[in-house]
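Accompanying notes for the structure given below.
Numbers here simply count residues along the sequence, with the first being 1.
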Amino acid sequence: MVHQCVVRTVLISCGVCIFLFGILVNFEEPLNYRYMVQLSKLKLNYMFGSRSQANQNESLDVPTDCSSCESTSQRLKSLFLLEDKRPACEKLYNRIASASNQWRSEEDVLRNIAKIHQCKWGKQKRAVENFRWELRKCCRTLSGSFVTQRNTPVGTELFYEAEPKKKIKITPSIFAIFPKDSPFRGRSIQRCAVVGNAGILHNSSCGAEIDQADFVFRCNLPPMGGNFTKDVGSKTHLVTANPKVIIERYAELHKRRKPFANTLVIYNDALLLFPAFYHSKNTALSFRAHYTLQDFKSKQRVIFFNPIYLKHLAHFWLSKGMQVQNLSTGITVASMAMELCSEVWIYGFWPFGKNTEGELMSHHYFDSLLAEPDLHSTSNEFYQLLRMHSKGIVKLQMGQCEAEETDEFTLKPG
């Protein structure tokens, strides 16, 4: 009996030492307390649980079996595997987070992404807060991302972001269609989903997970509903509208306008965001979209990107090493979400023509077209997001979505 007590005391002391050592090694992000407690308990139960259970059964005169031993052993084995995997995941996360913009090859990136699938992702609160502070200092999404009556009074001269030598003077009639203030002012959003349109979403089963978000951003009026719901969900709070889509599908709204209004029903009462002042050719088209929705009493409300915000955002990403000529709508909306939301999960951003298993993919989840030339350097943008995923700033979907795990502990990058 004395010998057994001594052994137990030594083992418990060792467990405490390991726990304290883990805190010292990773001071900024201590090892998950629940994980360590559970692991220590299971280790001790595994060693002494059978004898204790047997003693209890003897006192109760109940036949012994090993069903409880088996379940404990199985869970202990899974925890040991998880513990063994942690150093490899931390090493992988750190390597990707510190990588330069130049990757050896697409195959190298896909191999790393395949390895990431084996690692749990964890939000790094300090990294998120630091990045949000940088964005707020630079760009001020809450007050400046859209033109409003508050930030753009009558008489203001707005310079087009893509045509810095051209400008437009805000007249009373233009001023009247601006919202009084930003729809984001004063809002606190917990978890946001930013949904792109890449083929990686096809057969991803991400729809339910996307719909669990508190706010959902979408890009370029994507098809929704029907068979798409399983992969992309049904909720939308803000959707961008690329003028190219209006030109190709709705003849610039010069002829019949009702089909355009009818198409938007799928987005419920979402905000419809146009780049009216990005390029001079976008302005009249964006205004026609506003008047169309007004005439047909649609639920959606048209708002416009502020070109000053777009300019500041481009400088911000340039300072981060993103060498791109024009930011894509996707990275622009994702940037807004990073500043507005406590947690950002990103879906459907994928610049490659195949998945991690080498299977060919379409450019969009809703068609079979191949990828167009990389006008926005989306590969460069994706690598930035991949590094941010590795740092725990955003969660990037890179394959099928899985059911949310119920473990009380989560492996996190170091």
Task: Closest approach of Pro222 to Asn197 (non-hydrogen atoms, all atoms of both residues) - done: CB-OD1, 3.3 Å
Task: Over all atoms of both residues, closest heavy-atom pair of Val232 and Arg218 - done: O-NH2, 2.8 Å
- [ ] For the residue pair Tyr383 and Phe352, categorise the inter-ring angle as parallel (less than 30°), tilted (30 to 60°) or perpendicular (more than 60°).
- [x] tilted
- [ ] Check the side chains of Gln397 and Ser204 for a donor-acceptor pair under 3.5 angstrom, ignoring hydrogens and angles.
- [x] no
Open item on the list: Show me the pairs that pass disulfide (SG to SG under 2.5 Å) and involve residues 173-212, at least two apart or across chains.
Closed with: Cys192-Cys341, Cys206-Cys401
Task: Identified side chain to side chain contact (heavy atoms under 4.5 Å, CB included) counterpart of Val302 within the set Ile177, Leu271, Leu293 - done: Leu293
Task: Lys354/Glu107 salt bridge by N-O under 4.0 Å criterion - done: yes
Task: Modelled atom types, side-chain donor and acceptor of Asn268 and Thr236, under 3.5 Å - done: no
Task: Pairs satisfying disulfide (SG to SG under 2.5 Å), at least one member in residues 217-253, at least two apart - done: none
Under 3.5 Å, side-chain donor or acceptor atoms of residues 145-152 against the rest of the protein: list the pairs with distances, not counting sequence neighbours.
residue	atom	partner	partner atom	Å
Ser145	OG	Thr141	O	2.8
Thr148	OG1	Arg150	N	3.3
Thr148	OG1	Asn151	N	3.1
Thr148	OG1	Asn151	OD1	3.3
Thr148	OG1	Asn151	ND2	3.2
Gln149	NE2	Phe175	O	3.2
Gln149	NE2	Phe178	O	3.2
Arg150	NH1	Asp181	OD2	2.9
Asn151	OD1	Thr148	N	2.9
Asn151	ND2	Ser143	O	3.0
Asn151	ND2	Phe146	O	2.9

Open item on the list: For Phe215 and Phe184: C-alpha separation, side-chain torsions, deciding distance, then whether side chain to side chain contact (heavy atoms under 4.5 Å, CB included) applies.
Closed with: CA-CA 11 Å; Phe215 197 97; Phe184 290 139; 3.7 Å; yes
TODO: Grab the two heavy atoms, one from Asp214 and one from Gln190, that are nearest each other, plus how far apart they are.
DONE: OD2-CB, 3.2 Å
Open item on the list: Checking side-chain polar atoms at under 3.5 Å, does Asp367 have a donor or acceptor matched by the opposite partner on His364?
Closed with: yes
